[in-house]
Amino acid sequence: MSTTRHELLHAFDLLLAPSRFKDYGPNGLQVEGRTVVRKIVSGVTASRALIEAAIHAEADAIFVHHGLFWRGQDGCVTGWMKQRLGLLLGDDVNLFAYHLPLDAHPELGNNAQLGLQLGLLAHAGSAGRFGDQELGFLGALENAETFPNAKALAAHAEKVLKRPVTLVDTAHRPIRNIAWCTGGAQGYFEAAIAAGADAFITGEISEPQAHYAREMGVAFLACGHHATERYGAQAVAGHVAAQLGLKHEFIDIDNPA
């Protein structure tokens, strides 16, 4: 089966509601390709490696979290940008990218899907959200149990995500309330503390967060930007592909960050 580029864009926009968000770049169709779409490849970032893999997989469209265009770029089509655009335009492949809307979707987004992977369930209603644009999730283990300490939570995250976790913890106490926000959301740590979290999970750590964790007695876990954002793009693209009767393939391009 197939659909049109316009119908696919409409399906993504209807699901993710990008107009609700103040974002760092354009959400939606970033590069226009062929009109008829039969197969979608999803991935985290529109890197050259992903684009090449998608072309090899005979994709008509690529769906990612990190697209090509961001606020503050100089707009020059040189170097890596020329290479990526050249591949997309040369093979007539559509590129769809959704940043904050993909983080925020309550069932299929990056935060919801990371919670699913880790066995975490957000609290109901507004109690389960925090931070700017309510992107952060706050909840607990689905079985209502607690982690005996942050080291146990970090070991669990390492097992699920299959990568080392950077842990800052001085409280050494049971962990019940867990806040999380995928990717580079270390700036949400103070809001997580204010929301009552015992621990905060995100992708990256910057210099200030170690001090906040030690001074406030709230554990901070940096689990990898890419590692925490592997799940939303494939969930959304898979959902829309099934809805429209299209083929879908998730391609994970490894990234240690």
Indicate, with yes or no, if [Y] and [X] share a hydrophobic cluster defined by side-chain heavy-atom contacts under 4.5 Å among Ile, Leu, Val, Met, Phe, Trp and Tyr.
X	Y	value
V93	F69	yes
L95	I251	yes
L121	F137	no
L88	W80	yes
F12	F250	no

I want to check something: taking the side chain as every heavy atom from C-beta on, are [X] and [Y] in contact at a cut-off of under 4.5 Å?
X	Y	answer
P18	P101	yes
L16	N27	no
V44	I253	no
Y231	V236	no

- Between D60 and R38, is there a side-chain N and carboxylate O pair less than 4.0 Å apart? no

- Ionic contact status for D132 with K22, cut-off 4.0 Å: no

Is there a donor in the side chain of [X] and an acceptor in the side chain of [Y], or the other way round, less than 3.5 Å apart?
X	Y	answer
Y98	D23	no
Q186	T202	no
N255	H225	no
E229	T182	yes
N110	D103	yes
H65	T45	no
D252	H226	yes

Is the backbone of [Y] close enough, under 3.5 Å, to the side chain of [X] for a donor and an acceptor to pair up by distance?
X	Y	result
R173	G217	yes
E158	V165	yes
D169	K151	no
H156	L118	yes
E145	L141	no
E249	A57	no
R34	D91	yes
W180	N111	yes

- Query: Can you list every ring pair (Phe, Tyr, Trp, His ring centres under 6.0 Å) pair that touches residues 21-60, not counting sequence neighbours?
  - Reply: Y24-H99

I need the [X] [atom1] to [Y] [atom2] distance, nearest 0.5 Å.
X	Y	atom1	atom2	result
E32	L89	CD	CG	10.0 Å
K82	T78	NZ	OG1	9.0 Å
L8	T35	CG	OG1	12.0 Å
L221	I201	CG	CD1	5.5 Å
D198	F147	CG	CZ	11.5 Å
S42	I62	OG	CD1	10.0 Å

Heavy-atom closest pair, residues [X] and [Y]:
X	Y	value
A241	I40	CB-CD1, 4.2 Å
G33	R5	O-NH1, 2.6 Å
A199	I175	CB-CG2, 3.8 Å
F200	A192	CD1-CB, 3.8 Å
A179	A197	CB-CB, 3.7 Å
Q117	V160	O-CG1, 3.6 Å

Is [X] atom [atom1] crowded by more than 12 heavy atoms from other residues, nucleotides or ligands, each under 6.0 Å away?
X	atom1	value
M216	CE	no
Q243	CD	yes
R163	CZ	yes
K39	NZ	yes

- Message: side chain to side chain contact (heavy atoms under 4.5 Å, CB included) for R214 and V168? Distances and angles first, verdict last.
- Response: CA-CA 7 Å; R214 292 165 182 158; V168 182; 4.1 Å; yes

- Item | Proximity of F220 and Y212 rings by center, below 6.0 Å | no

- Message: The test is side chain to side chain contact (heavy atoms under 4.5 Å, CB included); show your working for V37 and T4 and say whether it passes.
- Response: CA-CA 6 Å; V37 176; T4 66; over 6 Å; no

- Stepwise side chain to side chain contact (heavy atoms under 4.5 Å, CB included) check, L87 with I55: CA-CA 8 Å; L87 288 167; I55 291 171; 4.1 Å; yes

- Specify whether Y188 and F130 have parallel, tilted or perpendicular ring planes, treating 30° as the upper limit for parallel and 60° as the lower limit for perpendicular. perpendicular

- Message: Over 60° means perpendicular and under 30° means parallel, so tell me whether H10 and H6 are parallel, tilted or perpendicular.
- Response: parallel

- Task: Could you give me the CA-CA distance, side-chain angles and deciding distance for R129 and L138, then say whether side chain to side chain contact (heavy atoms under 4.5 Å, CB included) is met?
- Result: CA-CA 6 Å; R129 299 291 186 275; L138 180 69; over 6 Å; no

